[in-house]
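Here's the structure we're looking at; comments come further down.
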Amino acid sequence: MSLQLDEHGRLRHFLTTEGLPRPLLTQILDTAESFTGVIGKSIKKVPLLRGRTVMNLFFEASTRTRTTFELAAKRLSADVLNINISTSATVKGESLLDMLRNLEAMQCDMFVVRHADSGAAHFIARNAAPGVSVINAGDGRHAHPTQAMLDMFTIRRHKREFEPLRVAIVGDILHSRVARSQIHALNGLGAGEVRVIAPRTLLPHDIESLGVKVFHDIRAGLADVDVVIMLRLQKERMSGALLPSESEFFRLYGLTEEKLSVAKPDAIVMHPGPINRGVEIESAVADGPRSVILEQVTNGIAVRMAVMSMALGTGGENA
Amino acid sequence: MTTLPAVDPLIEHMAGELKARLDVTPSQHPVMIGIRTGGVWVAERLHAALGLPDPLGTLDITFYRDDFSRVGMNPQVHPSHLPFSVDDRDIILVDDVLYTGRTIRAALNEIFDYGRPASVQLAVLVDRGGRELPIAADVAGTRLQLAEGRHIKLSGPSPLSLTERTQA
């Protein structure tokens with residue numbers, strides 16, 4: 001049995017989109033859809049997780065992801081604590097497990113974990129007390145499943161079905177946990193064709209085994225696509241010889257109106273943020289009519305509400 | 001095994017009672033809300049019979065249930081849809097079977113998260129007794145006394161029929 005599902009196949013932790021059955025992926029999207037109604041009420045809350053405690057454990061800086069997790073938990077009426085650990089106990093030499101035991105002693109029900117090391121959320125899920133759920137909010141280069149699901153949600157809202165779609169993911173695939181989770185989610189949901197477009201130096205060597213078509217030329221790769229997902233150029237990880245320069249990258253792989261013209265006329269443009277204007281995407285595209293970048297942020301709240309409520313709904317005495 | 005009545009005459013009876021109540025205390029703004037799934041089927045027919053001007057609202061009370069921590073998330077949850085402001089409106093809340101009253105408690109909580117209605121009346125197809133909360137139907141198609149462990153289920157949407165069974 002996989003770590004993230006219980007014996008009935010229900011979500012217990014949410015660590016990766018890899019290997020999740022299609023009905024479960026669809027259930028996440030459907031549940032998120034029903035949570036979008038919550039913001040139409042004068043009281044933008046539902047009492048589902050009243051009395052539950054969610055801890056945001058962020059070992060790595062993040063504004064958007066942490067904020068939308070916090071807002072999602074609050075809209076579910078949970079109590080939320082934000083713990084910024086780069087400035088906290090690990091600095092004093094406390095081990096991760098000791099810290100976990102201490103936080104559990106405060107009777108929390110869920111950890112939302114962001115960590116620079118791949119596998120950190122799995123480690124915490126394996127060691128967490130029974131009944132405590134773990135949501136991966138990004139681990140190293142490995143996975144960022146809630147980002148991938150909010151992207152799937154955004155795609156489905158615009159395109160309805162996944163089967164006929166051609167989706168291109170462009171940029172720094174090598175360092176991107178987002179790309180990896182998107183590829184697994186797109187394949188899990190039955191997307192027609194998933195393309196990755198990147199220079200050789202920014203692609204993992206085994207990328208084709210994930211079920212994608214590889215392009216090194218952006219104009220060839222964007223031809224007739226329905227969805228363009230740009231990735232952030234991870235500048236802070238760019239030390240060394242992977243890239244000649246940012247301006248060279250923009251010339252070859254940056255998304256411009258001109259390069260986008262070969263995509264389908266109704267193609268949508270996505271980006272997980274934060275965007276580097278003039279590096280991976282020009283402002284005219286990022287702010288243009290085909291951009292759904294800000295919708296992605298809004299959708300992140302409903303998708304995180306869905307995942308949190310599904311995981312906590314399987315816990316406790318019933319599991 | 002009780003013989004259960006046909007549904008259509010019950011709905012006619014409910015519509016008559018609701019009309020009579022509206023005649024006695026005329027409301028400028030009655031609106032109707034059905035509770036998913038069976039309550040919506042009953043409400044659709046009552047809504048047409050009363051000729052209410054506002055469209056029918058629907059509630060899915062999954063997010064307001066008091067047994068969430070025991071039963072978890074219903075995979076078939078739908079968004080609630082109230083295509084009108086509930087503020088200062090006279091609401092007719094419709095469900096199929098009234099039993100413990102917990103569904104109605106959840107529905108009232110959800111309605112009050114949308115605003116402050118002037119009044120709420122409850123209309124149910126079947127009041128089967130067994131209340132666990134101080135909640136009563138203003139209008140009922142029929143009132144039955146059912147043994148504990150027996151359940152009434154409305155099948156639909158067309159035609160509507162009632163069946164009785166022992167809870168699995």
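In what follows, every chain begins at residue 1, and chains take the letters A, B, ... in the order their sequences are listed. Just so we're clear, the structure is a prediction, and the values are computed from it rather than from any experiment. Atom set for the values below is all heavy atoms of this structure, side chains included, hydrogens, waters and symmetry mates excluded.
Heavy-atom pairs under 4.5 Å with chain B peak, among Gly37(A), Pro23(A), Pro47(A), Ala306(A), at Pro47(A).
Checked against a 6.0 Å centroid threshold, the rings of His122(A) and His13(A) do not count as neighbours. Aromatic pair His115(A)/Phe58(A): centroids not less than 6.0 angstrom apart.
In this structure, the portion of Lys45(A) lying under 4.5 Å from any heavy atom of chain B is its backbone and not its side chain. Only the backbone of Thr62(B) has a heavy atom closer than 4.5 Å to any heavy atom of chain A. Contact of Leu76(A) with chain B is not made at all, since no heavy-atom distance falls under 4.5 Å.
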message: Set out, in order, the CA-CA distance, both residues' side-chain angles and the distance that settles side-chain hydrogen bond (donor to acceptor under 3.5 Å, both in side chains) for Arg21(B) and Gln121(B), then state yes or no.
response: CA-CA 10 Å; Arg21(B) 293 176 73 94; Gln121(B) 295 186 61; 2.7 Å; yes
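Glu70(A) and Asn82(A) share a donor-acceptor pair across their side chains, judged by distance under 3.5 Å alone.
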